[in-house]
There are 2 protein chains.
Amino acid sequence: MKDTAVPVPASDRTRVRRIAENARYDAATLHAIVDDAYLCHIAFSDDHGAHCIPTACWRSGGHLYIHGSNGSRLLKQLLRQTCCVTISHLDGLVLARSAFNHSMNYRSAMVYGRFEVVEEDAGKHAALEALMEKLAPGRQAEIRPGNDKEYAATTVLRISLAEAACKVRAGGPNDDAEDLAWPVWAGVLPFTRARVAPVADPACAVAAPAYVRNWQDQAQALAPIY
Amino acid sequence: MKDTAVPVPASDRTRVRRIAENARYDAATLHAIVDDAYLCHIAFSDDHGAHCIPTACWRSGGHLYIHGSNGSRLLKQLLRQTCCVTISHLDGLVLARSAFNHSMNYRSAMVYGRFEVVEEDAGKHAALEALMEKLAPGRQAEIRPGNDKEYAATTVLRISLAEAACKVRAGGPNDDAEDLAWPVWAGVLPFTRARVAPVADPACAVAAPAYVRNWQDQAQALAPIY
């Protein structure tokens with residue numbers, strides 16, 4: 001159901017047309033979808049046509065961040081054009097009584113805009129440390145930190161989350177009334193991203209820190225959305 | 001390591017440049033990545049720029065299939081241009097001794113080409129039944145099948161998998177030799193897509209079939225790649 005308190009789309013480009021009742025335009029939904037992702041997909045074009053590239057992402061405030069090698073064709077192209085960044089989480093298969101009403105539960109976000117370079121004086125170091133904090137909280141203080149050469153070889157880009165739209169489907173099947181008596185099981189087969197037992201590097205003799213020891217427990221704390 | 005027996009890229013567009021040793025061009029890898037996906041991301045362009053749209057996908061033979069409403073702007077645009085279809089699976093976080101060598105384990109596939117309509121006489125019904133078979137094997141025989149109106153309202157498109165490239169990263173961290181003695185845990189924190197307990201529609205009194213009862217057991221049979 002659409003909450004009338006939810007903000008309106010930021011632009012015509014982000015107004016959801018297809019199954020518009022699943023649209024969400026509020027920052028809380030957007031941030032939650034981005035924060036639950038380690039990867040985004042970025043659409044852009046060059047002389048060879050459209051490309052869809054997956055890359056690691058993280059959020060800090062009102063921006064989504066990516067990084068890569070200075071030589072990356074992706075990063076160079078993204079500074080030249082507006083693009084679309086999409087994140088999707090699959091939460092379940094929705095099994096209806098009729099073939100036609102089968103669906104999936106998902107949370108997706110689409111962001112439009114242009115990436116900008118995050119220079120040293122604009123928080124490049126802090127941005128990369130925020131990525132590490134997302135991957136493994138507290139680990140930045142334990143690792144061999146980046147040196148000047150490594151920082152210089154890395155480009156960090158960010159894109160504003162201001163022009164974005166989310167779509168969320170949750171809940172059970174929406175069958176036609178005349179199909180409700182059809183003698184078939186109906187419901188949701190949910191998915192979640194689970195955490196499997198950590199695998200230590202064979203050359204590593206250092207005891208696992210808490211974020212490694214508790215890796216699988218954290219998974220259990222994630223409530224599936226269905 | 002790159003296997004020299006692996007096929008070469010189908011086109012210059014699918015030749016992987018960045019971390020080329022992770023490239024795979026063989027059909028077995030491509031099919032496995034597609035078959036493990038329920039969603040793909042499609043990049044295309046229109047007057048508003050590039051778009052990246054997530055949608056359900058499945059494979060039959062050498063094609064990737066999608067479907068949607070006849071009115072879908074996505075489907076209409078895809079018939080007018082070449083596009084890029086990308087599938088990505090995140091398999092784990094790779095924690096190295098140095099910040100710079102942190103990475104992720106993943107399996108991704110990028111497909112280039114143009115979608116074509118799958119008409120009735122070209123197997124539209126069979127294609128939609130293949131989707132159902134992927135979602136829940138055997139369920140097609142139990143549900144209220146599609147009627148003429150529903151089939152007529154649905155467009156099925158397919159794209160050849162001939163022009164595609166995969167990238168796969170697996171295994172532990174690749175640290176610089178001089179970092180190996182750094183006193184920090186190193187290894188992989190793996191992810192898998194897990195199956196959570198099925199949720200029956202409250203209005204459903206029909207007993208769960210085997211593919212619902214065994215939903216979570218199937219998850220455990222999936223070996224994580226790390």
Side-chain angles (χ1 to χ4, degrees), chain A residues 13 18 38-39 41 43-45 48-52 54 56 82-84 86 88 90 93 95 97-100 104 108 132 135-136 142-146 150 172-173 179-180 182-196 198-201 203-204 206 208-209 212 215 224 226, chain B residues 13 38-39 41 43-45 48-52 54 56 72 82-84 86 88 90 93 95 97-100 104 108 132 135-136 142-146 150 172-173 179-180 182-196 198-201 203-204 206 208-209 212 215 224 226:
Chain A
R13 191 159 54 173
R18 181 72 37 199
Y38 294 91
L39 291 179
H41 287 81
F44 66 97
S45 295
H48 298 285
H51 303 277
C52 182
T82 62
C83 71
C84 175
T86 299
S88 305
L90 176 65
L93 309 178
L95 306 188
R97 279 85 172 175
S98 69
F100 190 76
M104 293 184 186
S108 68
M132 187 63 68
L135 299 181
E142 304 168 353
I143 51 176
R144 198 270 287 160
E150 290 166 342
D179 291 329
L180 288 175
W182 196 274
V184 64
W185 188 88
V188 177
L189 301 179
F191 290 114
T192 190
R193 185 181 61 225
R195 298 174 177 206
V196 182
V199 180
D201 186 328
C204 175
V206 177
V212 173
W215 175 246
Y226 54 79
Chain B
R13 191 160 53 173
Y38 293 91
L39 292 179
H41 286 82
F44 66 97
S45 295
H48 298 285
H51 302 277
C52 183
S72 161
T82 62
C83 71
C84 176
T86 300
S88 305
L90 176 65
L93 308 178
L95 305 188
R97 278 86 171 175
S98 70
F100 190 74
M104 293 186 186
S108 68
M132 187 63 68
L135 299 181
E142 304 169 352
I143 51 175
R144 197 271 286 160
E150 291 167 341
D179 291 328
L180 287 175
W182 197 273
V184 64
W185 188 88
V188 177
L189 301 179
F191 291 113
T192 191
R193 185 180 62 224
R195 298 174 176 206
V196 182
V199 181
D201 185 330
C204 175
V206 177
V212 173
W215 175 246
Y226 54 77

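Every chain is numbered from 1, with letters handed out A, B, ... down the list of sequences.
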Under 4.5 Å, counting heavy-atom pairs only, tell me which of A:G49, A:A203, A:A208, A:P183 racks up the most with chain B. A:A208
Work out which heavy atom in A:W185 is nearest to a heavy atom in B:P209; give both atom names and the distance. CB-CD, 3.5 Å
Segment of A:L39 engaging chain B (4.5 angstrom heavy-atom cut-off): side chain
Can you tell which part of A:L189 gets under 4.5 Å to a heavy atom of chain B, answering side chain, backbone, both or neither? both
So which part of A:R97 gets closer than 4.5 Å to some heavy atom of chain B, the side chain, the backbone, both or neither? both
Shortest non-hydrogen contact from A:A56 to B:M104? CB-CE, 3.8 Å
How long is the gap from NE2 on B:H51 to OG on A:S45, to the nearest 0.5 Å? 9.5 Å
Most contacts with chain B, counted as non-hydrogen pairs under 4.5 angstrom, among A:C84, A:G146, A:C52: A:C52
Exam field: side chain A:R13 to backbone B:H48, donor-acceptor pair closer than 3.5 Å: yes
Shortest non-hydrogen pair, B:C204 vs A:V184, comes out as SG-O, 4.0 Å
Please look at A:Y38 and chain B and tell me whether the side chain, the backbone, both or neither of the residue comes under 4.5 angstrom of a heavy atom of that chain. both
Report which part of A:S88 has an atom under 4.5 Å of a heavy atom belonging to chain B: side chain, backbone, both, or neither. both
Top contributor to chain B contacts, counting heavy-atom pairs under 4.5 Å, from A:L135, A:L93, A:L180: A:L93
